[in-house]
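Note that this is a predicted model, so its numbers are computed, not measured. Here is the naming used below: chain letters follow the sequence lines, and residue numbers restart at 1 for every chain.
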4 protein chains.
Amino acid sequence: MGGGRPRDTGVEERVVAVAREMLREGGYARFAVDQVADRAGVAKTTVYRRWPSRDHLVVAAVATFLDDVAIEETGDLRADLVRIAAAIAAGLGQPGIRLLVSELIAAGARQPDLAASVYQLWARRRAASLDLFAAAVGQGEQADDVDPGLILDQIIGAVYYRALITGDPVDDDYLKRLVSAALAGAGVSSGGLA
Amino acid sequence: MGGGRPRDTGVEERVVAVAREMLREGGYARFAVDQVADRAGVAKTTVYRRWPSRDHLVVAAVATFLDDVAIEETGDLRADLVRIAAAIAAGLGQPGIRLLVSELIAAGARQPDLAASVYQLWARRRAASLDLFAAAVGQGEQADDVDPGLILDQIIGAVYYRALITGDPVDDDYLKRLVSAALAGAGVSSGGLA
Amino acid sequence: MGGGRPRDTGVEERVVAVAREMLREGGYARFAVDQVADRAGVAKTTVYRRWPSRDHLVVAAVATFLDDVAIEETGDLRADLVRIAAAIAAGLGQPGIRLLVSELIAAGARQPDLAASVYQLWARRRAASLDLFAAAVGQGEQADDVDPGLILDQIIGAVYYRALITGDPVDDDYLKRLVSAALAGAGVSSGGLA
Amino acid sequence: MGGGRPRDTGVEERVVAVAREMLREGGYARFAVDQVADRAGVAKTTVYRRWPSRDHLVVAAVATFLDDVAIEETGDLRADLVRIAAAIAAGLGQPGIRLLVSELIAAGARQPDLAASVYQLWARRRAASLDLFAAAVGQGEQADDVDPGLILDQIIGAVYYRALITGDPVDDDYLKRLVSAALAGAGVSSGGLA
DNA sequence: AGCTAACCGAGACGGTACGTCGAGTCTTTCC
DNA sequence: GGAAAGACTCGACGTACCGTCTCGGTTAGCT
């Protein structure tokens, strides 16, 4: 039961880095495992040893560049929500990102074992957003019995819906009305904005 | 300046019919233009003359089977909205449909000239939903200054969001709370449901 | 049984002219009936009404530009033969012509009804060459009982053979030796050359 | 620097064998790479990895069945030459072979990198023919200073020329006269035949 | 020190579908 | 009935990726 040669840990990083790069350049469509391996100076076999399919690799790569986006809270719940929604809308405004997001969703739908990983991608950001509400409670800006998740769904959901599915524009005015309506629906006292 | 041989209008129908069938059978992944043409008794070139790519054909095929879904209005706005949302949720609950929807979105994101057609797919259903609000106004159930589109975005958007992106469950209880919150946020009098 | 619309006699010329042009530009491979018709401002149907296949059209087109080559006789049989052989060799030296010639041969082999027309293409030039011998007889330069056809076969045949089949070079020195041998074999008095 | 998976040498053989078979059955026109791959139980991509185009494969296949033809030398140069020429003429008399030969020539003219291979096809047979002369020298049947290549060109060239280009018949009588003329032209003593 | 096991690069392989090209036929309208 | 226009069938082409496999060679840990 000897050990065998240990994995070269540098491989993961190099491959994912290249994968990320290629996603940025050509999007999902022109993302070919062959080329990733090539550019990373790695054999295709080695790639497949770690990520069982192209989709798995893509998800892994995307996971690393969602980390960057930071969410700053200013204490003003309404404003923070608008800002977050705007950031998402801005992202989805870029064709490349829009494509990537939809391909990720599709990947999750194609391969059940990927679904969880894909959901996880957005979970982190969602968790960060939910923190805003906790903070707001502390400041008495918000009643205790509201359902932050529901509010977020209404806001973020609407943004994705318009950007990906209906194709309707998502401008600042819309976002303000959206956030206001969602907060009002939950009975949150209309802070400073009205 | 004679016209030339007129297009065989039967081709459109036959091909789309076959395409629809194949989508039902094998989903997006196993949808091959070659086979569609074959089964429809048509040359592949003839298919490509009308639909410049596989994606175009898929979109066209899907367009025809969204027509089936009828929306019945009972007069009770809240209940109707819940029902619609539930229908959507139920659809997205099926892996095949979930995949198809996400592939369609991706197709729209890939090829700009397809985007409009894809948006159009959902537009019809959205329009039908919006009619509910007009009807409700007539019955005095609803104030005149609310923005039905915004309310729909919050509801439908949330459903898509959970089903496709976060993977969270969309049960009846959730839907009721969702619809209530959205209506409340718009200042619609909370009809019978509390 | 009225007459119907008479054929537009300009069509033949225009089409053949365009065909010739296209052969010069792109050779046999890129010669597409569709394009010929297009450029000639003629319907494809019209082309096919006159020439039953692509090959037929090509042969017809080539026939018109073999007319150009003139054969001048100086009275010196040996020199004339060398010059003719050299002209052929020069032509076959150009890849385009080499391809064209071989495609013509192939066309003849493919379609029996074309074979005659293709043979005819070279027949004219061969006839002209044979005249040289008749002239030489008049001048007493040549015996009466030789078979000019055989001599020509030996010379021209060798040139085609090397150019098309073996790929061996056909230079001036070779040609001189070739012609000398052929004439000697027929017992023709070795004129000035040796 | 590792090798990678070694090529399955069986593939070459199987594919070429099938290709040869298909050439015999349907000639050049009905030779489809798709089918060759299929019948050989090989993926089309594997075929294209070795032979970059249909033409390349055809040439390779033909190369293997030119090997069969054996040339027997009886010691009588003149008779041997006649026999060889007759064999060639007989081959070219079959429409299928005539077509194949001309398509090969055309393939060579189309793709420069194929030219060499095509020339090579005939080179072997030519070499065998040239051996006859060497043998004849040993027997004193032939002078030492003649150019066997030139003689062969005149004979074989004439045969190809008539069969492929002028379409004139190539019968036994013609061949005898041809060989005699060629040998006489080179100053070879006219053995038994006059 | 030797054995064994896992890793790695390289690259062949089967498979599936794509979109394209061109030939030749058919159908319509106009003259 | 000729001609223009263009839709249609048919057949094959060469390409692109995917994911699997089979090599030779390396790099550990265990005995």
Under the salt bridge (charged side-chain N to carboxylate O under 4.0 Å, His left out) test, which residues partner C/R39, sequence neighbours left out?
C/E21, C/E25
Any chance you could measure [X], atom [atom1], to [Y], atom [atom2], to the nearest 0.5 Å?
X: C/I105; Y: C/L100; atom1: CD1; atom2: CG; answer: 10.0 Å
X: D/I165; Y: C/W122; atom1: CD1; atom2: CH2; answer: 6.5 Å
X: C/D34; Y: C/D38; atom1: CG; atom2: CG; answer: 7.0 Å

Where protein sits on nucleotides 15-20 of chain E, one letter per nucleotide: B base, S sugar-phosphate only, - none, heavy atoms under 4.0 Å:
B-SBBB
So, C/R49 side chain and C/K44 main chain: donor-acceptor pair closer than 3.5 Å or not?
no
Quick check on F/dA3: is either OP1 or OP2 less than 4.0 Å from any side-chain nitrogen or oxygen of C/R50?
yes
Please evaluate the base of E/dC26 for a donor-acceptor partner in the side chain of B/R5 within a cut-off of under 3.5 Å?
yes
What residues, two or more places apart in sequence or in another chain, satisfy side-chain contact (heavy atoms from CB on, under 4.5 Å) together with B/Q35?
B/M22, B/A32
By side-chain contact (heavy atoms from CB on, under 4.5 Å), which residues pair with B/A60, not counting sequence neighbours?
B/W51
The complete set of side-chain hydrogen bond (donor to acceptor under 3.5 Å, both in side chains) pairs with one or both residues in residues 101-117 of chain A, sequence neighbours excluded, reads A/S53-A/Q111, A/D55-A/R110, A/D55-A/Q111, A/H56-A/D113, A/E103-B/R110, A/R110-B/E103
For DNA chain F, determine which residues of residues 6-14 of chain D have any heavy atom closer than 4.0 angstrom to one of its atoms, and list them numerically.
D/P6
For B/T46, answer base if it contacts any base atom (sugar-phosphate contacts may also be present), sugar-phosphate if it contacts only those atoms, and nothing otherwise; contact means non-hydrogen atoms under 4.0 Å.
base
Rounded to whole Å, the CZ-C1' distance (D/R49 to E/dG14) equals 9 Å
